[in-house]
Number of protein chains: 2
Amino acid sequence: MEKRKRITIADIAKLAGVSKTTASMVLNGRASTFRIKEETRERVMAVARENHYSPNLHAKSLQANRSDAIGLVIPDLTNFGFASIARELEKLCRQAGLQLLIACSEDDPDVERQVVDGLIRRQIDGLIVASSQTSDEFYQTLTKQIPVLQLDRHIGQSALPLVLTDAAKVTADLIERIAASPVSEFYYFGGQLELSPSRHRLAGFELGLKRAGVDENPEWIRHRDYQPESGYEMMQQLHQELGRLPEALFTASYTLLEGVLRYLKEHNCLEALESKEMRLATFDNHDLLDCLPLNIDSVAQDSEKIAQTSFQLIRLLLSSQRVTPTSFALDANICWRSQ
Amino acid sequence: MEKRKRITIADIAKLAGVSKTTASMVLNGRASTFRIKEETRERVMAVARENHYSPNLHAKSLQANRSDAIGLVIPDLTNFGFASIARELEKLCRQAGLQLLIACSEDDPDVERQVVDGLIRRQIDGLIVASSQTSDEFYQTLTKQIPVLQLDRHIGQSALPLVLTDAAKVTADLIERIAASPVSEFYYFGGQLELSPSRHRLAGFELGLKRAGVDENPEWIRHRDYQPESGYEMMQQLHQELGRLPEALFTASYTLLEGVLRYLKEHNCLEALESKEMRLATFDNHDLLDCLPLNIDSVAQDSEKIAQTSFQLIRLLLSSQRVTPTSFALDANICWRSQ
DNA sequence: TTGAAAGCGCTAACAT
DNA sequence: ATGTTAGCGCTTTCAA
């Protein structure tokens with residue numbers, strides 16, 4: 001495993017009997033622009049191919065002051081939604097000759113700053129971030145140097161461009177239809193209200209109830225964080241309070257749903273879902289939900305569209321000096337399993 | 001969004017009234033080695049801090065002929081197991097000042113070569129790959145330049161270092177116990193036999209049967225690929241063949257399990273799992289399995305350990321000129337839900 | 001104890 | 001139509 005010295009453009013030039021400039025032009029496909037003789041062109045190309053020449057991107061980046069790399073910061077790679085977005089973005093970047101640098105913030109604002117700093121040191125040309133910050137101050141400063149795109153989450157009233165799911169709309173549609181069954185109560189388990197998706201999901205929930213003509217009871221709305229344990233504990237408390245299962249429940253994330261299901265399983269209450277005695281719906285989707293005897297309706301975000309939109313937007317920001325920061329709220333789909 | 005010129009070490013040197021050399025020494029924490037005067041040291045540090053100096057890693061890499069980046073190639077980021085490994089590896093790398101470049105091969109050998117080529121062009125110092133290749137020729141060549149570590153999958157008889165789960169062992173344990181229930185038949189749905197994990201899982205299955213004293217019937221063993229659709233189709237065919245559900249079934253991956261469940265759900269057969277009339281077990285684990293009324297036993301690979309072991313090994317390979325290539329087969333856990 | 005200068009591999013003015 | 005040269009930001013000999 002000896003680190004054989006890589007072949008450079010100077011080597012190619014020497015072997016082909018031309019200058020570095022000529023070799024460079026040819027290898028960058030700009031031979032015609034500089035009217036390099038066809039014969040020279042081919043000679044250089046042949047030598048390069050034979051020697052498996054591949055340019056040193058660090059040298060290129062150094063002189064171009066551009067790295068052709070962009071950063072993606074998400075809370076957690078094992079979250080299916082974020083993983084889907086990351087996968088699609090990686091593919092789009094690769095096909096465009098860009099390198100996507102993926103890093104996780106663990107939903108911790110401090111960790112988030114650290115990983116962003118790390119990416120900056122790597123000279124990324126742009127950043128896409130699903131932020132856990134409560135203020136966009138940090139990114140307002142950063143965006144003076146490179147374009148920053150908010151993903152999935154809106155930091156406060158930040159004016160930075162933004163791509164996310166129109167959670168309020170789809171949640172309202174989901175809730176309205178279920179509430180019209182009708183139901184006399186509809187509980188809501190959510191995560192941190194500081195995160196914008198939480199607010200939109202809750203707003204959608206309330207709108208849905210209203211449209212179904214159901215009077216909201218403040219008792220129904222409960223918040224903690226998005227850990228499965230929180231779902232478990234909220235379900236436990238609710239069960240104890242009521243002395244029975246709720247008629248209908250919406251969990252604002254897949255992780256919360258998991259906690260709720262774990263509680264129901266442990267207390268042998270899953271039967272209530274199978275018999276539709278208890279209605280359960282959730283934000284976020286999972287293929288496995290199709291395969292269960294549990295009739296759980298869900299909201300499936302369009303990860304592919306989110307990734308594609310983010311990619312187009314960041315490319316635009318990367319190319320032009322000044323783009324009016326635009327934001328996109330994308331439609332999501334409802335997976336009905338109870339009807 | 002004007003691209004403000006970043007501050008360089010030359011700027012720092014000028015501002016601090018010293019030479020680039022001195023500034024460099026100080027900023028790399030080697031002030032004492034070169035006995036830079038304490039006062040000078042502090043002046044440089046102060047200037048650097050005030051100006052938020054951060055070194056240009058491309059320049060560093062160019063001159064050091066080292067990028068402090070390593071590549072990770074996996075089939076699919078949305079596969080929970082690979083996502084877990086990627087997350088842990090990213091964290092370990094970040095903490096060690098390395099950048100992890102993650103790319104997906106979509107389980108396609110051609111795509112895999114393309115993404116590896118892309119990473120090589122980015123001058124990665126080392127590569128960790130869960131390969132879909134059937135020959136390690138490509139990597140044998142590559143490893144003459146940079147260390148290559150096989151992850152999760154063993155390419156043929158490749159001598160390249162390797163980290164994976166000891167699938168045969170854990171599968172045998174799982175199958176033995178279930179088969180001893182006893183069962184008179186035990187079906188097996190697997191993916192491509194060209195992939196080493198498939199072979200190990202099958203070997204474990206057969207060993208488990210043997211240890212339980214069950215005579216294997218070749219009819220029980222079925223293979224396709226790891227797509228959920230394949231699980232669905234194998235289940236469909238088996239159901240039709242038998243005219244009833246099998247007594248026991250093992251799926252060699254979570255994706256296959258999903259297909260099987262989808263079939264059972266569509267044909268209203270899930271009840272058979274709840275009543276344990278049909279025994280179902282799978283390789284790979286998912287938290288949701290804990291929350292279902294379905295009694296599915298599973299094998300949980302230790303992603304964290306796999307990531308840590310891989311990281312230690314690649315660092316070793318990176319540091320020393322010549323390490324005896326070592327391989328690790330790590331233990332996995334069984335999640336019992338039927339007992 | 002510090003500085004000057006060369007060079008990593010590449011591109012782009014400017015020559016020729 | 002092709003070559004010469006400077007310089008991107010950094011580290012590292014070698015001098016002073």
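No experiment lies behind these values; they were computed from the predicted model shown.
- Where B/Ala59 and B/Thr40 each meet DNA chain C at their nearest nucleotide, the meeting point lying more 5' is that of B/Thr40.
- Counting only N and O atoms by type, the side chains of A/Ser131 and A/Glu112 include a donor and acceptor under 3.5 Å apart.
- Rounded to an integer number of Å, the gap from A/Asn65 CG to C/dC10 C1' is 14 Å.
- Between the base of C/dA12 and the side chain of A/Ser24 there is no donor-acceptor pair shorter than 3.5 Å.
- Phosphate proximity of C/dA4 to B/Lys20: absent, as no side-chain N or O sits under 4.0 Å from OP1 or OP2.
- In this entry the distance linking CE of B/Met25 with C1' of D/dT11 reads 7 Å, nearest Å.
- Note on A/Thr22: a side-chain N or O is less than 4.0 Å away from OP1 or OP2 of D/dG3.
- For C/dT2, neither phosphate oxygen OP1 nor OP2 lies less than 4.0 angstrom from any side-chain nitrogen or oxygen of B/Ser19.
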* Could you please spell out the steps behind the salt bridge (charged side-chain N to carboxylate O under 4.0 Å, His left out) verdict for A/Arg41 and A/Glu38? => CA-CA 5 Å; A/Arg41 207 186 65 77; A/Glu38 180 60 18; 3.4 Å; yes
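- Both B/Leu62 and B/Glu38 sit near DNA chain C, but only B/Glu38 has its closest nucleotide nearer the 5' end.
- In terms of modelled atom types and a separation under 3.5 Å, the side chain of A/Gln150 and the main chain of A/Leu160 share a donor-acceptor contact.
- Taking atom CD of B/Gln63 as the reference point, atom C1' of D/dT13 lies 11 Å away to the nearest angstrom.
- With rounding to whole Å, A/Glu42 atom CD is found 16 Å from D/dA1 atom C1'.
- Contact between the side-chain N/O atoms of B/Tyr53 and the OP1/OP2 oxygens of D/dC10 is found at a separation under 4.0 Å.
- Contact annotation for B/Ser61: no contact, since no heavy-atom pair falls under 4.0 Å across all strands.
- At whole-Å resolution of the value, NE2 in B/His58 and C1' in D/dG9 are 11 Å apart.
- The distance between atom CD of B/Gln123 and atom P of C/dG9, rounded to the nearest whole Å, is 10 Å.
- To the nearest angstrom, C1' of C/dC8 lies 15 Å from CG of A/Leu57.
- An OP1 or OP2 oxygen of D/dT11 is reached within less than 4.0 angstrom by a side-chain nitrogen or oxygen of B/Asn28.
- Side-chain atoms of A/Ser67 come within 3.5 Å of backbone N or O of A/Gln123 as a donor-acceptor pair.
- For the pair B/Thr40 and B/Arg43, the minimum side-chain heavy-atom distance is below 4.5 Å.
- Side chain A/Thr21 to base C/dT11: no donor-acceptor pair is found below 3.5 Å.
- Atom pair B/Ile9:CD1 and C/dC8:P shows a separation of 19 Å (rounding to whole Å applied).
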